[in-house]
Amino acid sequence: MKVSLLVIILFWGVVARADEGLQCAQRDIVATLDVHPGLVRHIESVDERVYCLSGINSSPVSSAVVSIIDVRTPESSRVVSEFGVTSLQLEMAVDGTTLYLATDDRLIDVYDVSDPEAPTLQGSFVSEYPVSRLYSIRVVDGVLYAAGSLENERHLLILDVRDPGEIEMIAEVPVPGAEEIHVSGDLAFVAGGADSGLLIFDVSDPAVPVMTGSLEGMYYTARDLRSSGHILCAAMSPGSTRGELKLIDVSDPANAFEVGSIGIPSWPSGMRIANDLAYVVHQSGVEVVDISDPTTPGRVSAYPSRGDAYAMALTPGGTLVYPSVNGTANPVELHVVDTNTLPQPYISSWFETVGGADPMVIEGSVAYVGVAHDDIHMYDIADPDAPVFIGTIAESETRLGDVLFVSDGILFLATQWTAWWRMFDLADPRDPTFIVARQENAQAFGKMGSTLLVGRLGSPTGIQGLYMHSPTSLWPRSMFEMGKVRTLLVSGDLCFASDETSRVVRVIRYINPNQPVQLSEFPIEGVAVAFLLRDQVLYVTDGQKLTAVDVADPSAPEVLSSTPMLGCYDLALKGDHLQVTCGNEGIFVVDVSDPAEHTILAQAHADPWSLRQLEVVGDRVLVSATRGWPSSSNGQLRVYDTADCPNCLADVNTDGTLDLDDISVFVSAFLSADPTADLTGDGVLNFDDLDAFVDSYLSGCA
């Protein structure tokens with residue numbers, strides 16, 4: 001009876017907080033929705049209603065669907081209605097309860113959406129020109145402004161749409177390359193790229209637009225324009241793999257000038273502004289940039305996406321909606337996000353390399369990065385948020401998948417495309433000097449005192465032990481024959497070696513460096529590509545799973561846990577949190593405080609990039625990212641902030657939200673003596689567990 005009474009008190013003590021939907025800091029996605037298959041072309045919002053335009057363009061059939069979504073309560077967002085159209089819809093704008101669609105056979109369709117469950121077509125406008133298209137549209141006070149083309153020539157187009165049944169084009173101004181438009185007050189901004197730059201028009205009389213200013217130097221495509229006070233924000237696409245946010249002072253339209261800029265990890269396609277923050281949607285998700293000081297914009301956070309993200313909407317209440325996966329065969333998943341909670345991890349900076357970035361190793365404040373079909377490039381990472389290119393290492397031609405290893409001031413490079421490995425002296429880490437090359441096909445290195453261990457791929461395969469009398473004097477010491485060696489890890493007199501042929505991890509002792517002895521081996525599911533040793537626990541990633549193995553007794557290793565994690569390349573430790581790069585899946589943050597039970601705390605998706613090598617640098621994580629394999633590759637160094645996310649005890653159903661479900665699960669577990677309710681971990685269910693739940697719930701786990 002006493003326990004039941006305490007449970008009731010507990011329930012009423014926390015229920016007052018339940019309606020807040022408290023979130024753990026990493027659990028920013030509060031809902032997902034499926035919409036019509038195909039590319040999400042546009043998302044707009046008015047109040048707490050979102051309009052999503054998605055469609056398929058597979059000749060000879062073209063179709064599109066508008067989904068109307070209610071996000072008044074983000075956690076229970078729902079699609080209210082959908083309506084299809086017969087032609088491919090290109091652009092969309094919403095003004096109050098009226099929705100405007102640019103079409104491929106009619107310039108504009110106008111829908112009444114005052115009743116979201118029954119949208120109705122009110123009118124259309126067909127251009128007198130047979131070849132017409134609108135690329136970007138904005139509607140202000142019954143006037144539609146567009147960057148479009150008539151007879152294949154670009155224009156600023158202005159239409160009176162106050163009466164949907166009698167739409168009239170009231171102005172046409174030629175603007176070479178017109179691609180994007182934005183209207184703020186009495187000014188219309190039209191971006192024309194290299195053809196015309198940025199043109200500024202006075203549209204106080206929409207029928208007579210007058211050009212009042214321009215800005216040259218906009219040599220690449222503008223993807224979106226938005227205003228923040230007297231600052232015009234332009235999301236630009238300089239190339240296929242990167243983007244840029246430019247901030248332009250337009251307080252004097254006749255003398256507009258750029259005041260600041262910041263890079264975006266991949267090419268952007270849209271933007272929204274709220275509370276001095278610019279939300280820029282790009283291929284990998286949504287980047288959040290602080291523009292309160294436009295001269296020094298700073299990265300705040302990011303919301304990742306699985307697959308290319310092309311559109312988004314931001315409601316006045318701070319609900320962000322953007323696509324998670326785009327495709328032509330499956331429903332598109334929309335992420336509904338509470339922007340009042342910042343997600344982790346996020347890219348705090350990035351630096352584009354001239355080719356695919358892999359391999360990578362860090363020594364001191366210098367990162368050595370192999371660039372596809374080029375030499376090793378060096379970057380000063382004293383400030384990890386701003387890597388600076390400082391030079392290359394000659395005679396070090398690399399390919400994706402090569403291996404770098406540093407020990408005792410020497411850099412070792414194994415080039416898998418040739419039967420050679422090389423050594424470089426790092427006495428001056430900014431000016432390495434070539435020492436020697438050896439004609440052996442190597443794939444892994446380890447160092448044990450004066451013994452260099454080399455994982456050989458040639459015949460015989462195995463681990464070659466070399467006595468390093470000096471950097472130029474290497475004498476054969478031992479040969480431990482085994483299958484192809486994928487990676488090595490040395491700890492004391494032990495060597496952990498991945499046998500790619502047998503798919504086992506071998507534990508080898510080198511008490512006598514001339515006579516290595518295998519103590520044990522244990523099987524793995526894939527091919528072990530990375531090891532990390534912590535407190536006599538070996539963490540192994542094999543492309544299939546993350547496995548923790550107790551090696552306190554190296555002759556009898558014991559598997560403690562195994563967590564499915566596909567396509568992973570590298571491991572690094574930051575406190576109790578393991579950082580794992582898993583190719584296109586991105587970077588994972590895994591709590592390994594209990595090696596017998598891993599908890600994935602956060603994930604930042606990287607698609608269409610592949611995240612490969614990583615190193616912890618201070619409070620940041622530096623990751624090499626590659627796109628393309630192997631010849632037409634692009635690369636980046638990405639710097640992630642993977643700030644710690646505390647374990648959320650009260651989130652007992654592990655759905656990322658604190659609500660009545662967690663209370664119900666905890667109460668049931670407590671009353672049935674289920675160990676799930678043992679939040680203190682002392683093996684006893686008592687008042688301490690009740691206190692732990694209440695404290696955790698009320699703190700919000702933020």
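- Every residue two or more places apart in sequence or in another chain that forms a disulfide bond (SG atoms under 2.5 Å apart) with C582 is listed here: C568.
- Between D115 and R49, no side-chain nitrogen of the basic residue sits less than 4.0 Å from a carboxylate oxygen of the acidic one, so the salt-bridge criterion is not met.
- The two residues V110 and L121 come nearest to each other via the heavy atoms O-CD1, 3.3 Å.
- For E168, there are no side-chain hydrogen bond (donor to acceptor under 3.5 Å, both in side chains) partners two or more places apart in sequence or in a different chain.
- With rounding to the nearest 0.5 angstrom, the OG atom of S54 is 13.0 Å from the NE2 atom of H42.
- Remark: T296 engages D293 in a side-chain hydrogen bond (donor to acceptor under 3.5 Å, both in side chains) (not counting sequence neighbours).
- If you take CZ on R138 and CD1 on I158, they are separated by 14.0 Å, rounding to the nearest 0.5 Å.
- Note that CD1 of I264 and CE of M236 are 12.0 Å apart. Values are rounded to the nearest 0.5 Å.
- S227 is listed as a side-chain neighbour of H182, based on a closest heavy-atom distance under 4.5 Å.
- Distance check, rounded to the nearest 0.5 Å: CG of N152 to CZ of R133 gives 11.0 Å.
- Shortest non-hydrogen contact noted between Y135 and G148 is CD1-CA, 3.7 Å.
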Item to complete: Verify side chain to side chain contact (heavy atoms under 4.5 Å, CB included) between Y100 and I167, making sure each step is shown before the conclusion.
Response: CA-CA 12 Å; Y100 302 86; I167 298 175; over 6 Å; no

Fill in: Intermediate values then yes/no, side chain to side chain contact (heavy atoms under 4.5 Å, CB included), F125 and V161
CA-CA 9 Å; F125 177 78; V161 293; over 6 Å; no

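- The existence of a salt bridge linking R72 and D70 is confirmed by a sub-4.0 Å separation between a basic side-chain nitrogen and an acidic carboxylate oxygen.
- When side chains are defined from C-beta on, E82 counts as touching S67, because their heavy atoms get closer than 4.5 Å.
- Here F83 pairs with Y111 under the ring-ring contact (aromatic ring centres under 6.0 Å, His included) rule; sequence neighbours left out.
- Looking at I381 and L622, their side chains come closer than 4.5 Å, going by heavy atoms from C-beta outward.
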Discussion item. Run the side chain to side chain contact (heavy atoms under 4.5 Å, CB included) test on I587 and V623 for me, step by step, so that the C-alpha distance in whole Å, both residues' side-chain angles and the decisive distance to 0.1 Å come before the verdict.
Written reply: CA-CA 9 Å; I587 184 171; V623 181; 4.2 Å; yes

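- Residue pairs meeting the salt bridge (Lys or Arg N to Asp or Glu O under 4.0 Å) criterion with at least one partner in residues 253-268, sequence neighbours excluded, are K246-E258.
- N255 pairs by the side-chain hydrogen bond (donor to acceptor under 3.5 Å, both in side chains) definition with D252, not counting sequence neighbours.
- Annotation: side chain of P268 is not in contact with side chain of D224 (no heavy-atom distance under 4.5 Å).
- Side chain of E244 to main chain of S261: no donor-acceptor pair is present (N/O by atom type, distance under 3.5 Å, no hydrogens or angles).
- Summarising the geometry, atom CD1 belonging to I69 is positioned 5.5 Å from atom CG belonging to L33; distances are rounded to the nearest 0.5 Å.
- A donor-acceptor pair under 3.5 Å is absent between the side-chain atoms of S127 and the main chain of L107, judged by distance alone.
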Using distance only, find each side-chain donor-acceptor pair of residues 197-206 under 3.5 Å and give its atom names and separation, not counting sequence neighbours.
{"unit_1": "D202", "atom_1": "OD1", "unit_2": "S204", "atom_2": "N", "d": "2.8"}
{"unit_1": "D202", "atom_1": "OD1", "unit_2": "S204", "atom_2": "OG", "d": "2.8"}
{"unit_1": "D205", "atom_1": "OD1", "unit_2": "A207", "atom_2": "N", "d": "3.2"}

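- Here the options are V140, I137, L159, the test is side-chain contact (heavy atoms from CB on, under 4.5 Å), and the partner is Y145; only V140 passes.
- Proximity of a side-chain donor or acceptor of S269 to a complementary backbone N or O of Y310 within less than 3.5 Å is detected.
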Kindly list each side-chain donor-acceptor pair under 3.5 angstrom involving residues 270-279, sequence neighbours excluded, with atom names and distances?
{"unit_1": "R272", "atom_1": "NH2", "unit_2": "I43", "atom_2": "O", "d": "2.9"}
{"unit_1": "R272", "atom_1": "NH2", "unit_2": "M312", "atom_2": "O", "d": "3.2"}

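- Contact annotation: the side chain of I231 approaches that of D249 to within less than 4.5 Å [non-hydrogen atoms, C-beta and beyond].
- You'll find the side chain of R154 stays beyond 4.5 Å of the side chain of V175, heavy atoms only.
- Of all non-hydrogen atoms in S292 and P294, the two that sit nearest each other are O-CD, 3.5 Å.
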Practice prompt. For C52 and L334, run side chain to side chain contact (heavy atoms under 4.5 Å, CB included): C-alpha distance rounded to whole Å, both residues' side-chain angles, the deciding distance at 0.1 Å, then the answer.
Written response: CA-CA 9 Å; C52 175; L334 294 181; 4.1 Å; yes

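- For D160, the salt bridge (charged side-chain N to carboxylate O under 4.0 Å, His left out) partners two or more places apart in sequence, or in a different chain, are R162.
- Contacts of I262 classified as side chain to side chain contact (heavy atoms under 4.5 Å, CB included), with partners at least two apart in sequence or in another chain: L245, V289, P297, R299.
- Nearest heavy-atom pair across A146 and I181 is N-CD1, 3.8 Å.
- Using a 30° and 60° split on the angle between ring planes, H377 and F389 fall in the tilted class, from 30° to 60°.
- Atom CD1 of residue I248 and atom CG of residue L232 lie 5.0 Å apart, to the nearest 0.5 angstrom.
- Between G84 and V65, the closest heavy-atom pair is CA-CG2, 4.1 Å.
- Applying the salt bridge (charged side-chain N to carboxylate O under 4.0 Å, His left out) criterion to R78, with sequence neighbours excluded, gives no partner residue.
- Residues S136 and E180 approach most closely at OG-OE1, 3.2 Å, considering heavy atoms.
- Not one N or O on the side chain of S81 forms a donor-acceptor pair closer than 3.5 Å with the backbone of I68.
- Residues satisfying the side-chain hydrogen bond (donor to acceptor under 3.5 Å, both in side chains) test with S124, not counting sequence neighbours, are D109.
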